[in-house]
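I have placed the structure first, in the form of structure tokens, so that the comments after it can refer back to it.
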Amino acid sequence: MHRTLRQMWELTWELARTDLKLRYHGSALGVVWMVLKPLLLFAILSTVFSHAFGSTVVRYPLKVLTGVVLWTYFADGTSAGLQSLLTKGHLLAKVRLSPWVVVLASILQTTGVFLLNVLIMFLFFLGSRALPNVGSLLLFGLQTLYLVGLIMGFALLTAPWYVRYRDLKPLWEVLLTLGFYLTPIIYPLSVIPDRYRPLISLNPLTPIVERATAALLGTEETSATAGAVSPLVAVALLLLAGFVVFRRSARYAPEHL
């Protein structure tokens, strides 16, 4: 059993490394895009919206940066997980390769990029003399684990479906655009009218981003997240659904490639 698990991990790691090398192959800046993409988005958003919310939010640029880093990981991770079985279809059809390894490799690859972005993010905190303490880092790490669970559950749930239903990708891209504005990244939850807060609360990323940001910035979590879906419950349900669907459907994926 130990040998089998080690072989699966080594194969997963190798696939993740290969995906990372191919991700920006042929681009002029190469892997620099891993950190340049969220930094450019952060620069644009903080510049445009600082006039509206900068005076009401403590360390607004750092709040936006934290939200962008977390959101970029979620968007990239779920998109990679969704397409994982299809993009590695040639391997599944020719080599005896577990579909689980393929999905795990896609998540591992995006997680590596996320950790690099987190490191860059903390350099901004250090430059602003707002480096969080150990307790805050642990709270941030907990919210990150919830985010990993959401990404993994989504990948397991949708990867087998995407092999058969290719419309899922453009549909998910639209939903990601909507989800970005339903997540408290560029605005504080306090500005949301009461009648719209139930809609915001249905988004499982709302408490994750809000609590992660509050932990790093040393601010109090807003009461608007009190009615939000518990991240632990959302992660548990999504992982369970993803595990059941993937176990039943992934073995038939090569037939539709």
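Under a hydrophobic clustering in which Ile, Leu, Val, Met, Phe, Trp and Tyr are joined whenever their side-chain heavy atoms come within less than 4.5 Å, directly or via other members, Leu126 and Val134 fall into different clusters. Criterion: ILVMFWY side-chain heavy atoms under 4.5 Å apart, direct or through other members. Under it, Tyr165 and Val174 are not part of a common hydrophobic cluster.
Put simply, the side chain of Ser128 never gets that close to the backbone of Phe125: no donor and acceptor are under 3.5 Å apart. With hydrogens and angles ignored, the 3.5 Å screen pairs no side-chain donor or acceptor of Ser79 with any backbone N or O of Asp76. A distance-only check finds a donor-acceptor pair linking the side chain of Thr177 to the backbone of Glu173 [under 3.5 Å]. With hydrogens and angles ignored, the 3.5 Å screen pairs a side-chain donor or acceptor of Thr87 with a backbone N or O of Ser84. Distance alone, capped at 3.5 Å, places no donor-acceptor pair between the Tyr187 side chain and the Ile192 backbone. Between the Lys63 side chain and the Pro184 main chain, a donor and an acceptor come within less than 3.5 Å of each other.
Between the side chains of Asn203 and Thr183, a donor-acceptor pair is found at a separation under 3.5 Å.
The shortest heavy-atom contact between Gly77 and Ile107 is O-CD1, 3.8 Å. Among all heavy-atom pairs drawn from Ala130 and Leu62, the shortest one is CB-CD1, 4.0 Å. Closest heavy-atom contact between Gly81 and Ser106: CA-OG, 3.7 Å. The shortest heavy-atom contact between Val103 and Ala159 is CG2-CB, 4.3 Å. Gly67 approaches Val209 most closely through the heavy-atom pair CA-CG1, 4.2 Å.
Val245 is not listed as a side-chain neighbour of Leu156, based on a closest heavy-atom distance of 4.5 Å or more. Side-chain atoms of Phe124 and Val69, non-hydrogen and from C-beta on, never get closer than 4.5 Å to each other. Contact annotation: the side chain of Val191 approaches that of Pro188 to within less than 4.5 Å [non-hydrogen atoms, C-beta and beyond].
One distance of note links CG of Leu65 with CG of Leu39; it measures 7.0 Å at 0.5 Å rounding. Atoms NZ and CG, from Lys169 and Leu82 in turn, are 8.5 Å apart once rounded to the nearest 0.5 Å. How far CG of Leu216 is from OG1 of Thr213: 7.0 Å, rounded to the nearest 0.5 Å. Here the CD atom belonging to Gln83 is positioned 9.5 Å from the OG1 atom belonging to Thr158, to the nearest 0.5 angstrom. Here OG of Ser46 is found 13.0 Å from CD1 of Ile185. Values are rounded to the nearest 0.5 Å. In this structure, the separation between CG on Leu168 and CG on Leu86 is 11.0 Å, given to the nearest 0.5 Å.
Thr78 meets the side chain to side chain donor-acceptor pair (under 3.5 Å) test with Trp172; sequence neighbours excluded. Shown here are the side chain to side chain donor-acceptor pair (under 3.5 Å) partners of Thr111, two or more places apart in sequence or in another chain: Tyr73. Applying the side chain to side chain donor-acceptor pair (under 3.5 Å) criterion to Trp71, with sequence neighbours excluded, gives no partner residue.
Tested against Phe246, the residues Tyr162, Phe154, Trp100 include a single ring pair (Phe, Tyr, Trp, His ring centres under 6.0 Å) partner, Trp100.
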Identify every side-chain donor-acceptor pair in residues 136-153 under 3.5 Å, counting partners at least two apart or on other chains, and give the distances.
from   : atom 1 : to     : atom 2 : distance (Å)
Ser136 : OG     : Asn133 : OD1    : 2.9
Ser136 : OG     : Ala215 : O      : 3.0
Thr144 : OG1    : Phe140 : O      : 3.0

For residues 116-123, run the donor-acceptor check on the side chains, cut-off 3.5 Å, and write out each pair with its distance to 0.1 Å, sequence neighbours left out.
from   : atom 1 : to     : atom 2 : distance (Å)
Asn117 : ND2    : Met34  : O      : 3.3
Asn117 : ND2    : Val113 : O      : 3.3

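Grouping Ile, Leu, Val, Met, Phe, Trp and Tyr by side-chain contacts under 4.5 Å, direct or through others, puts Val244 with Leu240.
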### Task
Report the C-alpha distance between Leu70 and Phe114 in whole Å, list the side-chain angles of each, state the deciding distance to 0.1 Å, and finish with yes or no for side-chain contact (heavy atoms from CB on, under 4.5 Å).
CA-CA 8 Å; Leu70 292 172; Phe114 167 69; 4.0 Å; yes
